[in-house]
Amino acid sequence: MEQPTSFSRPKVSLATDCVVFGFDGYRIKVLLIKRKINPFLGMWAFPGGFMLEHETLNECAVRELHEETGLHPYFLEQFHAFSDIDRDPRGRVVSVAYFCLMPTAQVQGGSDAEEAQWFDIHELPEMAFDHKEIFNMAQSRLRERIYFEPIAFGLLDKKFTMSELQRVYEVVLDVQFDRRNFQKKMLASNIIVPLDEQRRSENGPSRPATLYSFKKEDYHSFKNSMGFSLEF
């Protein structure tokens with residue numbers, strides 16, 4: 001049988017998109033950029049772009065996020081590859097999507113982003129490409145993971161109140177927890193520690209609340225020995 005003398009490599013580009021979830025103390029938000037180039041000029045999309053030859057996918061995601069928003073993520077994780085043939089009018093593009101978690105921070109558009117802005121997850125604008133599909137999968141993954149991984153802490157400052165922690169879980173899962181049961185469960189897990197510090201609410205002369213921090217090193221041993229699951 002005659003063997004082919006040459007191999008034609010398919011022309012496929014690799015890209016990354018970052019679904020950045022943020023928490024402003026009350027609501028979960030997602031970070032979008034307004035495109036200032038075609039295709040989809042003027043439409044909202046996730047920060048992202050094409051991978052360069054010398055980069056890994058993670059390096060590409062970090063670079064594009066910083067160039068387009070000014071942010072450096074401290075929680076970044078791949079969750080899916082999107083490869084529909086017609087997902088990008090410029091040609092065959094496969095995008096590896098990441099979700100990132102952080103407290104909401106000031107952002108500023110850069111590179112090919114006209115502006116960057118946080119949006120409530122329930123009030124998203126029309127988005128470019130297949131980014132609504134990407135968002136839906138990212139939100140589903142966030143809800144799944146929050147039961148078994150301490151990723152909620154990625155949405156909080158290093159020091160937080162028990163009410164803030166409970167609020168994160170409630171808005172992500174769209175449920176309400178009993179305050180005492182939630183506190184008991186979290187303290188029993190031994191993955192947070194109370195600090196000798198308090199914070200007074202900005203909404204009035206209420207009693208100061210104890211601040212906590214997350215013990216990441218203890219979480220890993222706890223998870224390996226007992227498992228971690230938020231069940232109330």
Side-chain angles (χ1 to χ4, degrees), residues 18-31 58 61-62 65 71-80 97-106 118 120-122 135-232:
C18 293
V19 185
V20 184
F21 290 104
F23 181 62
D24 66 359
Y26 182 72
R27 296 167 296 179
I28 297 294
K29 295 189 173 183
V30 69
L31 181 61
N58 280 32
V62 171
L65 180 60
L71 295 181
H72 286 287
Y74 54 81
F75 179 94
L76 181 77
E77 181 176 286
Q78 289 185 29
F79 70 91
H80 195 71
Y98 289 76
F99 72 83
C100 315
L101 304 175
M102 62 181 61
T104 53
Q106 186 174 357
W118 292 98
D120 188 298
I121 59 172
H122 300 296
F135 169 77
N136 289 339
M137 185 171 289
Q139 185 179 34
S140 177
R141 184 63 58 87
L142 176 62
R143 287 173 172 170
E144 293 171 1
R145 292 284 307 284
I146 203 169
Y147 275 108
F148 306 107
E149 298 280 347
I151 59 176
F153 298 95
L155 294 163
L156 295 165
D157 293 324
K158 291 183 178 180
K159 300 177 182 179
F160 51 87
T161 67
M162 187 67 70
S163 294
E164 290 169 340
L165 178 59
Q166 180 174 337
R167 181 64 183 167
V168 166
Y169 279 94
E170 289 180 337
V171 294
V172 169
L173 299 172
D174 194 24
V175 297
Q176 284 191 320
F177 295 124
D178 176 80
R179 182 181 62 83
R180 291 186 178 181
N181 285 344
F182 182 88
Q183 178 170 323
K184 182 179 179 180
K185 176 76 173 183
M186 281 298 172
L187 292 176
S189 72
N190 199 38
I191 61 173
I192 64 173
V193 58
L195 305 174
D196 190 21
E197 299 179 51
Q198 294 183 323
R199 180 192 299 154
R200 188 175 296 276
S201 171
E202 297 179 357
N203 298 324
S206 58
R207 183 179 178 181
T210 298
L211 291 175
Y212 295 82
S213 66
F214 170 51
K215 297 195 295 183
K216 186 175 182 180
E217 64 281 1
D218 286 356
Y219 161 74
H220 292 294
S221 60
F222 173 77
K223 179 184 176 184
N224 292 335
S225 62
M226 301 175 58
F228 178 79
S229 177
L230 267 185
E231 296 178 0
F232 293 89

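These figures come from a predicted structure and were not determined experimentally.
Looking only at side-chain heavy atoms (C-beta outward), Phe21 and Phe135 come within less than 4.5 Å of each other. For the pair Phe79/Leu142, no side-chain contact is recorded, criterion being any heavy-atom separation below 4.5 Å from C-beta on. At least one side-chain heavy atom of Met102 sits less than 4.5 Å from a side-chain heavy atom of Pro73. Contact annotation: the side chain of Lys215 approaches that of Asn190 to within less than 4.5 Å [non-hydrogen atoms, C-beta and beyond]. Between Phe153 and Leu165 the shortest side-chain heavy-atom distance falls below 4.5 Å.
Glu170 places a side-chain N or O within 3.5 Å of a backbone atom of Phe177 that can act as its donor or acceptor partner. Distance alone, capped at 3.5 Å, is enough to place a donor-acceptor pair between the Trp118 side chain and the Ala105 backbone.
Partners of Lys159 according to the salt bridge (charged side-chain N to carboxylate O under 4.0 Å, His left out) rule, which considers only residues two or more places apart in sequence or in another chain, are Glu197. Under the rule for a side-chain contact (heavy atoms from CB on, under 4.5 Å), the partners of His80 that lie at least two apart in sequence or sit in another chain are Phe82, Met137.
Rounding to the nearest 0.5 Å gives a distance of 12.0 Å between CG of Leu65 and OH of Tyr98. From Thr104, atom OG1 reaches atom OH of Tyr26 across 14.5 Å, with rounding to the nearest 0.5 Å. Note that CZ of Phe23 is 12.5 Å distant from CG of Leu101, once rounded to the nearest 0.5 Å. For the atom pair Phe214 CZ and Met186 CE, the distance stands at 10.0 Å (nearest 0.5 Å). Distance check: Thr161 OG1 to Gln166 CD gives 9.5 Å after rounding to the nearest 0.5 Å. Rounded to the nearest 0.5 Å, atoms CG (Leu76) and SG (Cys18) are 5.5 Å apart.
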Take Arg145 and Phe99 through the side-chain contact (heavy atoms from CB on, under 4.5 Å) test and state the conclusion after the steps. CA-CA 11 Å; Arg145 292 284 307 284; Phe99 72 83; 3.9 Å; yes
Evaluate Asn58 against Gln78 for side-chain contact (heavy atoms from CB on, under 4.5 Å), listing each step before the verdict. CA-CA 8 Å; Asn58 280 32; Gln78 289 185 29; 3.6 Å; yes
Could you walk me through whether Arg199 and Glu164 satisfy the side-chain contact (heavy atoms from CB on, under 4.5 Å) test, starting with their C-alpha distance in whole Å, then the side-chain angles of each, then the deciding distance to 0.1 Å, before giving a yes or no? CA-CA 12 Å; Arg199 180 192 299 154; Glu164 290 169 340; 2.7 Å; yes
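Shown here is Asp174, whose CG atom has no more than 12 heavy atoms of other residues, nucleotides or ligands within 6.0 Å.
The aromatic rings of Phe160 and Tyr212 sit parallel, their planes meeting at an angle under 30°, below the 60° perpendicular limit.
When all heavy atoms of Ile146 and Ile151 are compared, the closest pair comes out as N-CD1, 3.8 Å.
Checking Thr210, Leu211, Leu187 one by one against Met162, the side-chain contact (heavy atoms from CB on, under 4.5 Å) holds for a single residue, Leu187.
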